[in-house]
Novice: 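Take this structure, written in structure tokens, and hold onto it; I'll ask about it next.
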Amino acid sequence: MSTATNAYLDIYIGDPERHSQAQNAYSRTCAFLAKNASIYGLPSSPEHLSEEQQQIVQELDKPETGGELGFTPPPPLLAGRLVFSLNPAVSKASTNFAALCTGEKGACKNAPNKKLHYLGCPLHRIIKGFVAQGGDITRGDGSGGESIYGGKFNDEKAGLNAKPSRGSLAMANSGKNTSTSQFFVVLTDDDKQLAKMKGKYVVFGELKEGWDVLMRLDDVAGGDTDGKPQVPVWIGGCGTGPS
């Protein structure tokens, strides 16, 4: 990489099944009102129904569908986009991350049924006030991962020397020279916490946009020692762009 590149991750937070159920319930209410609002003198939008009118709609709808109704749309699963500036001085890590964002390298060598692509990959570990970790493209739980170089690759001195801060993007590892596809984003600006990271992890990017998403990630951090998020968190979109 001769010039810095921006890479982005679209972060989704929530239970897809519950979201689908809530959306279906809301859509059912909208369909009922579209058909019957003028007949019964009701507002055309579910959000404008009073509590009494909601009860009326529920009673009227029973003979039609008998399904659950929803009166407010569910919040979107898309929490927002994290946009990172990748450091060209940490070329191997930056190139690896960018390629995993685009999926341009095809399938994994060690897990041919898995793609070298972050799309759909979970953020499996979120420690409140510390880090949000993801990128295990082979197993999704932190026990796997593979780089575009075919397995693991060595640490880069420029990345080890970089000072981490809130919003920094770094390679997760299991010791020296064990970088794969797993990464983490720093959620803290506490000097003591940051000092624990310096020199142990390769820092290769910095957050440019999406600070509100960092707060959302912190809010769903896991309470267990393994940091499993309270609800599913995953990468629903990813790619690169010019700096």
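Here, residue 1 is the first one in the sequence, and each next residue gets the next number.
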Novice: Side chains of Ile13 and Leu217, heavy atoms from C-beta outward: is any pair under 4.5 Å?
Specialist: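 Heavy-atom side-chain distance check passes, below 4.5 Å.
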Novice: Just how far is it from atom NZ of Lys35 to atom CG of Leu60, taken to the nearest 0.5 Å?
Specialist: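 The NZ atom of Lys35 sits 12.0 Å away from the CG atom of Leu60.
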Novice: One pair to check against side-chain contact (heavy atoms from CB on, under 4.5 Å): Phe71 and Gln58. What are the steps and the verdict?
Specialist: CA-CA 10 Å; Phe71 299 99; Gln58 287 175 326; 3.8 Å; yes
Novice: Has Lys109 got more than 12 heavy atoms of other residues, nucleotides or ligands less than 6.0 Å from its NZ?
Specialist: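 Count not over threshold, so no.
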Novice: Tell me whether Glu47 at atom CD has more than 12 heavy atoms from other residues, nucleotides or ligands lying less than 6.0 Å away.
Specialist: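 Above 12, so yes.
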Novice: To the nearest 0.5 Å, tell me how far Leu86 CG sits from Glu206 CD.
Specialist: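 One gets 10.5 Å once the value is rounded to the nearest 0.5 Å.
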Novice: In Å and rounded to the nearest 0.5 Å, what is the CD to OG distance from Glu156 to Ser94?
Specialist: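 Here the interatomic distance stands at 7.0 Å.
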Novice: Applying ring pair (Phe, Tyr, Trp, His ring centres under 6.0 Å) as the test, list every pair that has at least one member in residues 84-115; sequence neighbours left out.
Specialist: Phe97-Tyr118, Phe97-Phe183, Phe97-Phe204
Novice: Answer yes if the side chains of Thr188 and Asp190 hold a donor-acceptor pair under 3.5 Å, and no otherwise.
Specialist: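 The answer is no; no qualifying pair exists.
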Novice: Please name all residues satisfying side-chain hydrogen bond (donor to acceptor under 3.5 Å, both in side chains) with Ser20, sequence neighbours left out, ordered by chain then number.
Specialist: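 Not a single residue meets the side-chain hydrogen bond (donor to acceptor under 3.5 Å, both in side chains) criterion with Ser20.
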Novice: Answer yes if Leu82 and Ile137 sit in the same cluster of Ile, Leu, Val, Met, Phe, Trp and Tyr residues linked by side chain heavy atoms under 4.5 Å apart, and no otherwise.
Specialist: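 Result: yes, single cluster for both.
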Novice: Within the side chain of Asn96, is there an N or O that forms a donor-acceptor pair under 3.5 Å with the backbone of Thr180?
Specialist: yes
Novice: Under 4.5 Å side-chain heavy-atom separation, chaining through any Ile, Leu, Val, Met, Phe, Trp or Tyr, what else clusters with Leu78? Say none if it is isolated.
Specialist: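 Besides Leu78, the hydrophobic cluster comprises Tyr12, Leu77, Trp234, listed by chain and residue number.
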Novice: Establish, from distance only, whether the side-chain atoms of Ser50 and Glu52 form a donor-acceptor pair under 3.5 Å.
Specialist: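 Distance-only check fails for Ser50 and Glu52.
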Novice: Does Lys128 have more than 12 heavy atoms from other residues, nucleotides or ligands lying within 6.0 Å of its NZ?
Specialist: yes
